[in-house]
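The shown structure was predicted, so the numbers you read here are calculated from the model rather than taken from an experiment.
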Amino acid sequence: MAMQFLSLSVYSSFCGIGYPNIYMPSLRITHSTRAVATKDVRAYMGHGLMKRSRSASIPILGDEVSKKRIREQIPNVDLSSSSYDTAWVAMVPLPEFPQFPCFPECLNWIIRNQHPDGSWGIHGLHPSLVKDALSSTLACVLALKRWNIGEEHVRRGLHFVGSYFSSAMDEKLHSPIGFEIIFPGMLGYAIDMGLDLPISQNDIDVMFHMRDLELQRVSENSSEGRKAYLAYVAEGLGKSQDWQEVMKYQRENGSLFNSPSTTAAALTHKYDAKALEYLRSLLQKFGSSVPTSYPRDIHTLLCVVDKIERLGIGQHFSYEIKNILDRIYRCWLNNDEEISADMATCAMAFRLLRMNGFDISSDALSQFGDASFFFSSIQGHLKDMKTVLELYKASQIKILPNEQVLDELGSLSSNILREALSPNSEHGLQVLSQEVDYALKFSFYANVERLEHKSYIENFKVENLQVLKTSYTSSGIDDKDLFELALEDFNLCQSIYRKELQHIESWVKEKRLDQLEFARQKQIYCYFTAAAMIFSPESFDARMSWAKNTVLTVVVDDFFDQGGSREELVNFISLVEKWDGNHEKQFCSERVNILYSALYSTINEIGAKASALQKRCVTDHIVETWLTLVKAMMKESEWARTNTVPTMDEYMANGYISFALEPTIFPTLFFVGQEVSVDAIGGPEYHNLNKLVGIIGRLINDMQSFEREGKEGKLNSVTLRIVHSRGSTSKEEAIREIQSIIDSSRAELLRLVLQNEGSVVPRACKDLFWKTSRTLHLFYMKNDGFTSPTEMVSAVNAVIYEPLKVGHKFSEVN
């Protein structure tokens, strides 16, 4: 018999069956149901107001309506009711009169929320939730039978369980946590209660055998994690459980693991005032039902922020995100148990708070990197990959070279994730496999935002259910709204990018740069870096400044590297030093004419726009960065011409400049929407940001190009280390030393970018330096991706040309 998952409706009919021989003190009955309903994303996609004009960069009204709706929903935490947990709470007896239920309102909720097919639970969302439906339904049947009410509801519930019982033994279906222990345990309770189960004795024996095998498997692990896990699923063990031991896991709020079902099960065996107060507080907050886990507000809000940022739409909700993170930061400072007691929540809070500029220490994660601690937890025992992935992401947010806590955490988590990805792993990742593979392939510091956004959008699951002991939803935001907004934003941006790239191509021809035979034609790569980092539709001037200056630095680099004679190089530098419009008769060659004319007109145009935005002249500052660059390039040219071998200090002092990042980054700072003061661009903070990203770029390039450059007779940091060691340093040792400098420079760069106290450079400006570092790591991940004609083609196509690969996104179970 195939299970029918119907669209959920709210059923308000009430059986009318009374509660014979039961006194209901202070009965609080609510007639509202909290069952979760789904809506068809196509209804939104087909609505005219939800569409954005493809030919303009200004969204029409529908987009603003969607954003407004999302803004209103963002702060809301809407935990779905758990039929399973509500049933266990309903079974708790009144302490003074154990023959009566302590929470009769839960019984009322159970009766009012049975589905037409006889089941309970989140309904009509995903076929793989049949085990969840079986578990929830049997728990509700037990609760009603426990107090001898709802006979018809019990009959229909048992009919559902019998009809789909074979699914309980199907190992291919997704199982809620502890199902192999809890469900057979509830079958045992049902038999003890005298319920007439419409299930063959053979099938019941199979379930009991599955439980025995699971308990045997679990018992082979003697860790504290095993004990914690068995305490978490204690309702399935009944009298065989040591409830005194279970109570050792009680939290400050009175709960066991923040789980209403575990807490309620304990109360049926052992009275505890704090546990009872925890359940009472839940019903005061939620009415006549309970969620499957509480509190869960912080984790839910963190997931909302993370989801919005990863979809690439965070710029629309910066105010709301800041409010949420301010609140969570206060909880972090107060060592809130909801954060400190949950590894995934703590790791996510650390990552999002630190990346948004909050000054927090990684010490809070210190115990998580200890393998013995990790495997002593429930998550460690279960090898919960969502938790491990959060730990891995957190481990990469290093701002100090010696953050050993994060190094240990990264080593542990990456090893577990790689093991889980292996074909022989016993811990299937299911829908997480793509995300884990992507995270391991592209480190946080070696990717660009737009590629991350695209991957996340394409793999985004609308109505993404979570599963603990039962399934639940937690956010008040409609995922379809987020998905649709991200989809429209990305599509609009791609159309803009393609037009802007055409503009860059026309500009190259207009300036005759394509006529310089020595120059690499890398304008597509140059524009790609701009679009991938500065992606919002309205940032046209910033992208143009970035792309044009990058094209110019590539051509000038080729000119000094191989294209120009010494006379031409001296002539070019002289022209940059004078920087005036009366230069027609001062060119020693047509190549100098083309190159200088392009530089002069472009920088003056960009400078004029930047000056208008900043309300002061900044063109001279931009020209100064170019003069500094060409002098550094000239020094390297002289070293090569005279066969001079510089010291490492000399090489690096010149090399971070000659790598040619500042003439691209500096003018773009004026277009990112912030006022940039003279103090900001003239002080030590800016100098350090510029130097660090230059060092990273120079060294990461040297590591990937030293073999090619060695064949060409050129020196770089790798060969210089070998040369100056007089052969005592091997190639591998030199590379390790350089990698260490890159790692420490990257951590220091991120520290400066995230630092608020004493900072005078606006955060939006500092972000450009960090994004540049990430782009460099992406380009030089495997080899010299900028020089390679093919290495970066797929990334370019993904951001600029290839449309999103998305269809209707059905629910997935995590």
One pair to check against salt bridge (Lys or Arg N to Asp or Glu O under 4.0 Å): R520 and D557. What are the steps and the verdict? CA-CA 10 Å; R520 291 169 290 172; D557 180 56; 3.4 Å; yes
Paired with Y329, the side-chain contact (heavy atoms from CB on, under 4.5 Å) test is passed by just one of L353, I324, L352, namely L353
Open item on the list: Given 3.5 Å as the limit, does a donor-acceptor pair link the side chain of S745 with the main chain of I742, or not?
Closed with: no
Value for CG (D702) from OG1 (T719), rounded to nearest 0.5 Å, stands at 7.5 Å
In short, T345 meets L302 closest at the heavy-atom pair O-CD1, 3.7 Å
d(T772 OG1, M533 CE) to nearest 0.5 Å is 4.5 Å
When rounded to the nearest 0.5 Å, the distance separating CG of L391 from CD of Q396 is 12.0 Å
Heavy-atom count around E171 CD within 6.0 Å, excluding the residue itself: above 12?
no
Residues R708 and D784: closest non-hydrogen pair is NH2-OD2, 3.0 Å
- V806 and F483: side chain to side chain contact (heavy atoms under 4.5 Å, CB included), yes or no, with the steps? CA-CA 10 Å; V806 295; F483 176 69; 4.0 Å; yes
Only residue of Q404, R354, E403 satisfying side chain to side chain donor-acceptor pair (under 3.5 Å) with S362 is E403
Salt bridge present between D478 and K480 (N-O < 4.0 angstrom): yes
Smallest heavy-atom separation, Y780 atom then Q704 atom, equals O-NE2, 2.9 Å
Checking R698 against F659: charged group under 6.0 Å from the ring centre and within 45 degrees of the axis?
no
Contact check, side chains of E791 and K782, non-hydrogen atoms, under 4.5 Å
yes
Item checked: Polar contact flag, side-chain donor to acceptor under 3.5 angstrom, T550-T553 -> no
Donor on one side chain, acceptor on other, N716 and E709, under 3.5 Å:
yes
Residue pair S443 / N447, side-chain heavy-atom distance below 4.5 Å: no
Checklist entry - Between the side chain of N491 and the main-chain N/O of L487, is any donor-acceptor distance below 3.5 Å? => result yes
In this structure, CG of L754 is separated from CD1 of I399 (nearest 0.5 Å) by 6.5 Å
Exercise. Would R721 and I738 satisfy side chain to side chain contact (heavy atoms under 4.5 Å, CB included), going step by step from the backbone distance to the final call?
Worked result: CA-CA 9 Å; R721 282 185 176 274; I738 290 171; 3.6 Å; yes
Closest non-hydrogen contact found for N690 with V693 is O-CG1, 3.3 Å
In this structure, CZ of F179 is separated from CG of D132 (nearest 0.5 Å) by 9.0 Å
Could you check if a side-chain atom of F786 sits within less than 4.5 angstrom of a side-chain atom of C526, using non-hydrogen atoms only?
-> yes
Would you say the rings of F444 and W770 are close, in the sense that their centroids are separated by under 6.0 Å? yes
(request) Answer yes when E452 and R310 have at least one side-chain N-carboxylate O distance shorter than 4.0 Å, and no when they do not. (result) no
Pairwise side-chain contact, H503 with K548, heavy-atom cut-off 4.5 Å (strictly under)
yes
As a quick check of understanding, evaluate side chain to side chain contact (heavy atoms under 4.5 Å, CB included) for H777 and I700, giving each step before the final call.
CA-CA 7 Å; H777 279 85; I700 204 170; 3.5 Å; yes
In this structure, SG of C303 is separated from CD1 of I298 (nearest 0.5 Å) by 12.0 Å
Between the side chains of K441 and D437, is the shortest nitrogen-to-carboxylate-oxygen separation below 4.0 Å, so that they form an ion pair?
no
Walk me through whether D481 and K67 qualify under salt bridge (Lys or Arg N to Asp or Glu O under 4.0 Å). CA-CA 8 Å; D481 284 345; K67 291 175 191 174; over 6 Å; no
Exercise for review: I would like to know whether Y525 and F779 meet ring pair (Phe, Tyr, Trp, His ring centres under 6.0 Å); could you show each step before the answer?
Suggested key: CA-CA 10 Å; Y525 282 6; F779 265 87; 5.8 Å; yes
*Does some side-chain heavy atom of E484 sit less than 4.5 Å from a side-chain heavy atom of S66?*
no
Is there a side-chain contact between R418 and L440 (heavy atoms, below 4.5 Å)? yes
Check: Given D489 and Q315, is the side chain to side chain contact (heavy atoms under 4.5 Å, CB included) satisfied, shown in steps?
Finding: CA-CA 11 Å; D489 253 25; Q315 68 275 16; 3.6 Å; yes
What I want to find out is whether K691 reaches E662 closely enough, with some N-O distance under 4.0 Å, to be called a salt bridge. no
Only residue of I524, T529, L778 satisfying side-chain contact (heavy atoms from CB on, under 4.5 Å) with M792 is L778
Discussion item. Between D407 and K398, does any side-chain N to carboxylate O distance fall below 4.0 Å?
Written reply: yes
* Charged N to carboxylate O under 4.0 angstrom, R450 versus E802? -> no
ask   = So, do R751 and Q755 sit near enough that their side-chain heavy atoms are less than 4.5 Å apart?
value = yes
Please work out which of the three classes, parallel, tilted or perpendicular, describes the rings of Y438 and F442, given edges at 30° and 60°. tilted
**Item:** Close side-chain approach of M385 and L421, heavy atoms under 4.5 Å
**Value:** no
Nearest heavy-atom contact between S361 and W332 is O-CZ2, 4.0 Å
Under 3.5 Å: donor-acceptor pair, side chain of S705, backbone of N701 | yes
Problem - D363 backbone acceptor or donor facing S366 side chain under 3.5 Å - result: yes
Salt bridge flag under 4.0 Å for residues K383 and E419: yes
Smallest heavy-atom separation, K454 atom then P803 atom, equals NZ-O, 3.8 Å
Does any N or O in the side chain of E733 come within less than 3.5 Å of the main-chain N or O of S730, such that one atom is a donor and the other an acceptor? yes
Please tell me whether R296 and Y472 have a donor and an acceptor in their side chains that are separated by less than 3.5 angstrom.
yes
* Count the heavy atoms belonging to other residues, nucleotides or ligands that lie under 6.0 Å from CG of D359, then report whether that count exceeds 12. => no
query: Going by an N to O cut-off under 4.0 Å, is there a salt bridge joining E390 and R351?
result: yes
